[in-house]
Amino acid sequence: MVDWTGNNLMIVQFFLTRADDFSTLAYITIHMEMPPTATAASAYQPRAYTGAPVSLDLAKGWLETCRTSHVLCQAERTPGWRPSRLLRLPVNGVQTTYLMLREASREEYGLGVEYMTLSHRWAPGQQLQLLTRNHHRLRNEIPIEELKVSIQHAVTAAQHLAIDYLWVDTLCIIQDDEEDRDREIQQMDRVYGNSACNVSASEADCNDEGCFYNRDETLVKAFKVRLDADCSDQARHVIHREWQHSRYILDTCVLSRRAWVFQERVLSPRVLSCCKQELQWECRELEASETYPVSKPEYATWGLFQEPSLKTVILRKTNSTSPWDDVARAREVWRRIVRTYARCALTYPEDKLRALAGITHVWQRLHDDEYIAGFWRKSLLRDLLWVRDLYEHPSPPRDDAVTTRAPAPSWSWASICGPVYFLNDWHTAGVIELMVTLKDVSWQPPVLPPVQQNSQRGSAHPVQDLIPALQLCGRPVPARWAEHPQGSVRKNGYARLMLSTGVKDADSGKPQSGEDGFLMFDHPSALLPEDIICLPIILNKPSPISKAVSGLVLTVSIGASNDSWRLGTFGSDQIAAFDVAEIDLTL
């Protein structure tokens, strides 16, 4: 029960009642003082505007604390490095109405220059951009009134934090010069990894919404309260908004759903996220907000709240002396990166691996592993068992929505649009054995799998980059599939698996099959072949009497090279069916 007394005092009562007759067993009353007579739980007092000086002072405090005491936040910086271009900002307090584009090639700023970056959503043609035709003009001046509001607010934040330079993709990359764009994209790990702080226009869904908002500041305040059950008359307890609510807003906001922005958030050592309700801070050792200005609450590390942000785990290694522990932990973190990233949207699906390039560069330096189309060689075979996540997207995208630019080979999670998960995320108990070996990785021109060649959009335009092909040795078994009684292939990709028994049908001459498991297709709306190949990848032994096989569903091998394409994944407990001779095949 909630009651307003009329004098800024809110009384909240909680009752514990019996389930049968609803009689009261116990109750507790909370007296919560609201402004202006409330006693704030911290010295920080938010204002009605998120860009108010007191809010930016709080952000400046977070930055100074991080600079002076966080060892991990200084890691992975590149000494003596500088971006190709930066925006020179006017000194805070100086009434200058323009910025200037400065360039490293002209020695206009030194090595190790301090700068901030901006993460924002933008569309070509809707705001001022750096182009070959206006390059010289923007070097002389960039009128602030010509910039979209998010950039203007980022300038304000940088000035308040006493940082003289700002990097913005639209103004620091020549947008109509493909060579310049490609060169700069390859440096994204350094651009964001070496920034003093990244300002994120987290909830700006349009070009003019900006970073700062008007709000009801009482929603981000924490108040001391007095409980009737307390023998003391002091207000010793605190009531406030739950931390997970703030984290949820940040993780699901419009900007966090963009693929290019994902790596910006992960790579930046510090991020100041500008949400509509409050400013939030993330660095590799601290998460805080205007509601929790010192740090996130202790309970946020318990139970359902124990998963830390990717920023805090991507650079950490285990303390174990066993290399296998580091490989296992790296695999776990990388899968989480993939699961999170695969939910993000791209304007151009062929950019799916390019938009992750910055993170892969950092990961490669940390783990000394070979990167292969969204996978790492040390864990590639087990990670091949990815599945389109139908719980998040019950209706898979039509095959003509899948890019025909073939951004990745068919066995890679990057070859589809939408979220994924890994089958072996479930295999947390028992013994797991690999049933296939990786002999080599070759690089070849991309060729569309048959399921995409038959799409409504027709054949693809060729991609210039080579893509990897896996040379495997395993035990593939012929199989067929049929509709499953609990689902529809066209609706959710779920089907019955029928492995070959080795006995041929008298009428058709094809091997007879029986129902031996399930399979899930990657492209359910495509024209799927009736005859398939099942390649076992892992044997899971959860107990001495229980075994199961998980693997890939492939097209029947084509040509003398034994080339196959991935169609999906399968699971089966018919272990004896895979007791066949090993052969080489290319995927």
Side-chain angles (χ1 to χ4, degrees), residues 50-51 53 55-56 59-60 63 81-177 180-181 183-184 187-188 190-192 194-202 204 206-212 255 260-261 264 268 270-272 274:
T50 61
S55 299
L56 296 180
K60 190 173 184 178
L63 177 60
W81 184 86
R82 58 185 174 183
S84 303
R85 302 179 188 91
L86 288 170
L87 301 176
R88 183 66 167 90
L89 310 182
V91 178
N92 192 22
V94 176
Q95 298 301 314
T96 304
T97 60
Y98 61 88
L99 315 178
M100 291 183 292
L101 179 67
R102 306 287 81 174
E103 297 179 271
S105 61
R106 298 171 182 257
E107 296 297 329
E108 292 175 324
Y109 46 85
L111 298 174
V113 61
E114 188 174 55
Y115 64 94
M116 288 179 60
T117 52
L118 171 67
S119 289
H120 63 131
R121 189 176 184 183
W122 62 279
Q126 295 185 10
Q127 66 278 308
L128 181 65
Q129 301 175 57
L130 175 60
L131 305 170
T132 52
R133 67 175 181 270
N134 66 4
H135 188 177
H136 180 72
R137 179 174 74 86
L138 298 189
R139 280 190 48 76
N140 293 328
E141 67 173 22
I142 305 173
I144 292 180
E145 66 270 14
E146 292 186 20
L147 300 175
K148 71 174 191 172
V149 180
S150 293
I151 300 178
Q152 295 181 30
H153 286 174
V155 170
T156 299
Q159 289 177 315
H160 201 96
L161 299 182
I163 295 175
D164 296 332
Y165 291 92
L166 178 66
W167 188 94
V168 181
D169 51 3
T170 52
L171 296 171
C172 294
I173 300 175
I174 303 176
Q175 298 298 323
D176 59 351
D177 184 334
D180 188 76
R181 282 192 5 253
R183 181 173 57 250
E184 294 301 315
Q187 297 191 90
M188 287 300 98
R190 293 187 174 186
V191 168
Y192 287 94
N194 287 280
S195 66
C197 181
N198 181 56
V199 177
S200 176
S202 302
C206 65
N207 286 321
D208 293 317
E209 203 166 3
C211 298
F212 304 132
L255 203 62
W260 284 101
V261 175
E264 296 169 10
S268 302
R270 311 171 186 97
V271 177
L272 179 64
C274 303

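The shown structure was predicted, so the numbers you read here are calculated from the model rather than taken from an experiment.
Closest heavy-atom contact between Leu118 and Ala154: CD1-CB, 3.9 Å. Listed here is the closest heavy atom pair of Ser119 and Asn198: OG-ND2, 2.9 Å. Minimum heavy-atom separation, Leu255 to Ala201: CD2-O, 3.5 Å. Taking every heavy atom of both residues into account, Trp122 and Lys148 meet most closely at CB-NZ, 3.8 Å. Pairing each heavy atom of Leu131 with each of Ile174, the nearest pair is C-CG2, 4.0 Å. Scanning both residues, Ala204 and Ser150, for their nearest heavy atoms gives CB-OG, 4.1 Å.
Side-chain contact check for Trp260 and Asp169: no donor-acceptor pair (N or O, by modelled atom type) lies under 3.5 Å. There is no side-chain donor-acceptor pair under 3.5 Å between His120 and Gln127. Neither side chain, Thr132 nor Asp177, offers a donor N or O lying under 3.5 Å from an acceptor on the other.
Separating the CD1 atom in Ile142 from the CZ atom in Arg137 is a distance of 8.5 Å, to the nearest 0.5 Å. In this structure, CZ in Arg183 is found 6.5 Å from OG in Ser84, a value given to the nearest 0.5 Å. From Glu146, atom CD reaches atom OG1 of Thr97 across 10.5 Å, with rounding to the nearest 0.5 Å. The CG atom of Leu128 lies 12.5 Å from the CD1 atom of Ile144; values are rounded to the nearest 0.5 Å. The distance from the CG atom of Leu138 to the SG atom of Cys172 is 10.0 Å, given to the nearest 0.5 Å. Annotation: the span from Arg270 atom CZ to Thr117 atom OG1 amounts to 11.0 Å, rounded to 0.5 Å.
When atom types are taken as modelled, the side chain of Arg139 and the backbone of Asn134 share no donor-acceptor pair closer than 3.5 angstrom. The closest donor-acceptor contact from the side chain of Gln152 to the backbone of Leu147 lies under 3.5 Å. Under the 3.5 Å distance criterion, the side-chain polar atoms of Tyr165 are left unmatched by any main-chain donor or acceptor of Glu114. In this structure, the side chain of Tyr98 does not engage the main chain of Asn140 through any donor-acceptor pair within 3.5 Å. Counting only distance, with no hydrogens or angles, the side chain of His153 and the backbone of Gly210 share no donor-acceptor pair below 3.5 Å. Panel note: side chain Ser55, backbone Gly51; no donor-acceptor pair is recorded below 3.5 Å.
With contacts defined as side-chain heavy-atom distances shorter than 4.5 Å, the pair Gln187/Pro83 does not qualify. Counting heavy atoms from C-beta on, the side chains of Met116 and Trp167 never come closer than 4.5 Å. Side-chain contact between Glu209 and Val149 is absent, with no heavy-atom pair separated by less than 4.5 Å. Using a 4.5 Å heavy-atom threshold, the side chains of Leu56 and Thr156 count as touching. Side-chain contact check for Leu166 versus Leu99: every heavy-atom pair is 4.5 Å or farther apart.
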Derivation of the side-chain contact (heavy atoms from CB on, under 4.5 Å) call for Tyr192 and Val271 = CA-CA 10 Å; Tyr192 287 94; Val271 177; over 6 Å; no
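Under a 4.0 Å N-O distance rule, the pair Asp180/Arg85 qualifies as a salt bridge. A salt bridge is defined here as a Lys NZ or Arg NE, NH1 or NH2 lying under 4.0 Å from an Asp or Glu carboxylate O, and Arg82 with Glu107 meets this definition.
In summary, of the residues considered (Leu101, Ile173, Leu87), a side chain to side chain contact (heavy atoms under 4.5 Å, CB included) with Leu130 occurs for Leu101 alone.
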